[in-house]
Amino acid sequence: MFYTSTRDRSIKVSSSQAIAHGISAEGGLFVPEEIPQISLDDIKRIAGLDYIGRAKEILSLYLTDFTADEIDTCVKGAYGEGKFSSEKIAPLHKLEKGTDILELWKGPTCAFKDMALQLLPHLLTVASSKSAPDKQIVILVATSGDTGKAALEGFKDVKNTKILVFYPNDGVSPMQKLQMTTQEGNNVGVCAIEGNFDDAQSGVKAIFTDKEVAKKLDENGMMFSSANSINWGRLVPQVVYYVSAYCDMVNSGEIELGEKMNVVVPTGNFGNILAAYYAKEMGVPVNKLICASNANNVLTDFLKTGTYNRKRDFYTTISPSMDILISSNLERLLFLLSGMDDGLTADWMAQLSKNGCYKVNDEVFAKLNSMFEAGCCDDDGTKACIAKTFGDYKYLCDTHTAVAVDVYNKYKAETGDATPTVIASTANPFKFSKAVLDAVRPGISEGMDEFDMVLGLHVETGEDCPPQLANLKGKTPRFTGCCKKEDMEQVVFDMLK
């Protein structure tokens, strides 16, 4: 299987080249030239495997220049014994009949990003040995909270790599910030920026595509790669857990083999729900893909109207990992739905960059309408949903999962759609202790510090804070720098000396 670029179909690279480079030279994103297919018989067979076995099956369909032994080593290195707190890696939790929560936060940083970022360093090590054996890999990351810590943890002290993470100074939770700024490892760096996630993301992308910067790195035996979901090596592991979720729904008797399920995903950058789309296109019986947004509802508006418009108020919310107005992975979907029209896709992205908006054609909008539903939920609705879900089911959601639960409840009430449904749960609630505590006991957090709130949340709900979060108490931050967007390039050079 070969990969091409969303902005230049003449490009043809292997999976290892796509993963090692992260982004195409002209700014496009790598996508497989075709989507591999799995049959119901394949799904029945895969359902009999554990998560490691399922991952090996799906990854081997996309990473065809990796040997079976290389994939085996990568997957076991990511999901092997002791890496995740659940043997199932991505377990389902039944909320009620017909509704299951896909818990994607059992990894070392308590966020769904671990599902990919425990695997990506292994994939990148193999990929770079094939396509860039003499280069040191420099990982640049923009984060709205969870990707940064998961990437830092995944790449910590990985041979022949350096990693630098940028995050919006006032756009992550205190726990997320503490996770990043106390990161251990000799090859890691963290810097806040003045601005929001979109500023960090566009700044990183500008550095990636700057030919002079690339030349300077090359002269020093280095090359950039990415741990953001613009890297195909981030996206393909996420496809696995949607295939796995369907297998688990069949195994539990929630659905019959061949029966469809809905998938609900809280998302800002569109990568997590795009992975579900790939699973659907592979042959997993999916009915509706339901996209859940917070108050930054640019995706909801796009999926309902066909017009993408980032020229709007930006809100700092209690679900900060979704505080995004430029959803980079949407580019991959538009490329596919347009019949892999690189010129059209490039034109839409140019309009977004220049004018802040674009409108897709009727054909693409019709395809969007047939597959996707969308809704949004503000902070008050998010807190109300956390309280109601805990009150009704004794299940504690984080602020992002609650957005998805609220949007799904509204969708079900409006449509009457009783299709069995999987809701992606993206983070442990203790990563957002203040908001979750205030949801279950309004006003109680006043005057408390972060770890008072952690204790309060435990007392109020009986839930335990994961040790990797609890053990941050008293740790002194290593990284305290903050820069302007225009100074990000110099921060990179300073880190690389």
Side-chain angles (χ1 to χ4, degrees), residues 19 46 49-63 71 74-93 100-124 139 141 143-156 176 179 226-248 263-279 282 284 321-322 329 398 400-401 404 422-428 431 466 468:
I19 291 169
I46 292 169
L49 305 174
D50 62 8
Y51 193 87
I52 285 177
R54 293 170 184 177
K56 286 158 64 174
E57 289 274 341
I58 301 306
L59 292 173
S60 68
L61 298 175
Y62 285 98
L63 310 180
I71 290 177
C74 289
V75 172
K76 287 179 178 175
Y79 306 122
E81 188 175 350
K83 293 281 189 176
F84 283 68
S85 62
S86 169
E87 289 184 1
K88 287 186 171 291
I89 310 300
L92 290 175
H93 177 96
D100 284 75
I101 303 289
L102 176 60
E103 295 182 333
L104 299 171
W105 38 265
K106 299 295 187 178
T109 76
C110 303
F112 82 102
K113 306 298 176 73
D114 289 327
M115 298 299 300
L117 283 165
Q118 282 298 296
L119 182 59
L120 180 61
H122 297 280
L123 297 178
L124 187 58
I139 310 291
V141 179
T143 186
S144 54
D146 287 334
T147 289
K149 173 59 181 178
L152 289 163
E153 192 64 28
F155 281 96
K156 176 183 69 178
Q176 287 175 313
Q179 281 188 296
S226 173
N228 282 99
S229 56
I230 56 174
N231 191 322
W232 179 254
R234 259 287 304 277
L235 197 63
V236 68
Q238 295 179 271
V239 178
V240 175
Y241 55 69
Y242 290 112
V243 179
S244 181
Y246 187 85
C247 291
D248 285 343
V263 177
V264 188
V265 186
T267 186
N269 221 7
F270 208 75
N272 202 359
I273 198 167
L274 181 66
Y277 167 83
Y278 268 97
M282 288 180 71
V284 175
S321 298
M322 298 158 66
N329 262 293
D398 86 291
H400 305 76
T401 306
V422 166
I423 301 173
S425 177
T426 57
N428 187 290
K431 293 195 78 168
Q468 56 266 54

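The shortest heavy-atom contact between K431 and C110 is CD-O, 3.4 Å. L123 and G233 get closest at one heavy-atom pair: CD1-O, 3.9 Å. Across S226 and N231, no two heavy atoms sit closer than the pair O-ND2, 2.7 Å. Between A275 and Q238, the shortest heavy-atom contact is CB-CB, 3.5 Å. Taking all atoms of both residues into account, the shortest heavy-atom contact from A404 to V264 is O-CG1, 3.6 Å. Minimum heavy-atom separation, H400 to P266: O-CB, 3.3 Å.
For the atom pair T147 OG1 and F112 CZ, the distance stands at 6.5 Å (nearest 0.5 Å). Of the inter-residue distances, the one linking F155 atom CZ with L120 atom CG reads 4.0 Å to the nearest 0.5 angstrom. Atoms CG and CD1, from L63 and I58 in turn, are 11.0 Å apart once rounded to the nearest 0.5 Å. The CG atom of L102 sits 8.0 Å away from atom OG of S425, with the distance rounded to the nearest 0.5 Å. With rounding to the nearest 0.5 angstrom, the NZ atom of K149 is 11.5 Å from the OG1 atom of T143. Atom CG of N329 is separated from atom OG of S229 by 4.0 Å, given to the nearest 0.5 angstrom.
Using modelled atom types, one finds a donor on one side chain and an acceptor on the other under 3.5 Å when comparing Q176 with S321.
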Can you list the steps and then say if M115 with Y51 is a side-chain contact (heavy atoms from CB on, under 4.5 Å)? CA-CA 11 Å; M115 298 299 300; Y51 193 87; 3.2 Å; yes

side-chain contact (heavy atoms from CB on, under 4.5 Å) evaluation trace for V422 with Y246: CA-CA 9 Å; V422 166; Y246 187 85; over 6 Å; no

Stepwise side-chain contact (heavy atoms from CB on, under 4.5 Å) check, K113 with R234: CA-CA 9 Å; K113 306 298 176 73; R234 259 287 304 277; 3.5 Å; yes

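Put simply, the side chain of M282 reaches to within 4.5 Å of the side chain of Y62, judged on heavy atoms. Put simply, the side chain of L119 reaches to within 4.5 Å of the side chain of L59, judged on heavy atoms.
Side-chain N or O atoms of Q468 include one that pairs as donor or acceptor with a backbone N or O of G107 at under 3.5 Å. In this structure a side-chain-to-backbone donor-acceptor pair under 3.5 Å is missing from N228 to I230.
Listed by chain and residue number, Y241, Y242 satisfy the side-chain hydrogen bond (donor to acceptor under 3.5 Å, both in side chains) test with N272 (two or more places apart in sequence, or in another chain). Residues meeting the salt bridge (charged side-chain N to carboxylate O under 4.0 Å, His left out) test with D398, sequence neighbours left out: none. Shown here are the side-chain hydrogen bond (donor to acceptor under 3.5 Å, both in side chains) partners of D114, two or more places apart in sequence or in another chain: T109. For R54, the side-chain hydrogen bond (donor to acceptor under 3.5 Å, both in side chains) criterion is met by S244, D248, not counting sequence neighbours. Residues satisfying the side-chain hydrogen bond (donor to acceptor under 3.5 Å, both in side chains) criterion with K76, sequence neighbours excluded, are D72.
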Which side-chain N or O atoms in residues 81-92 pair as donor and acceptor under 3.5 Å with protein atoms at least two apart or in another chain?
| from | atom 1 | to | atom 2 | distance (Å) |
| --- | --- | --- | --- | --- |
| S85 | OG | K106 | O | 3.3 |
| S86 | OG | K88 | N | 3.2 |

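Aromatic ring orientation, Y278 versus W232: perpendicular (interplanar angle above 60°, classes split at 30° and 60°).
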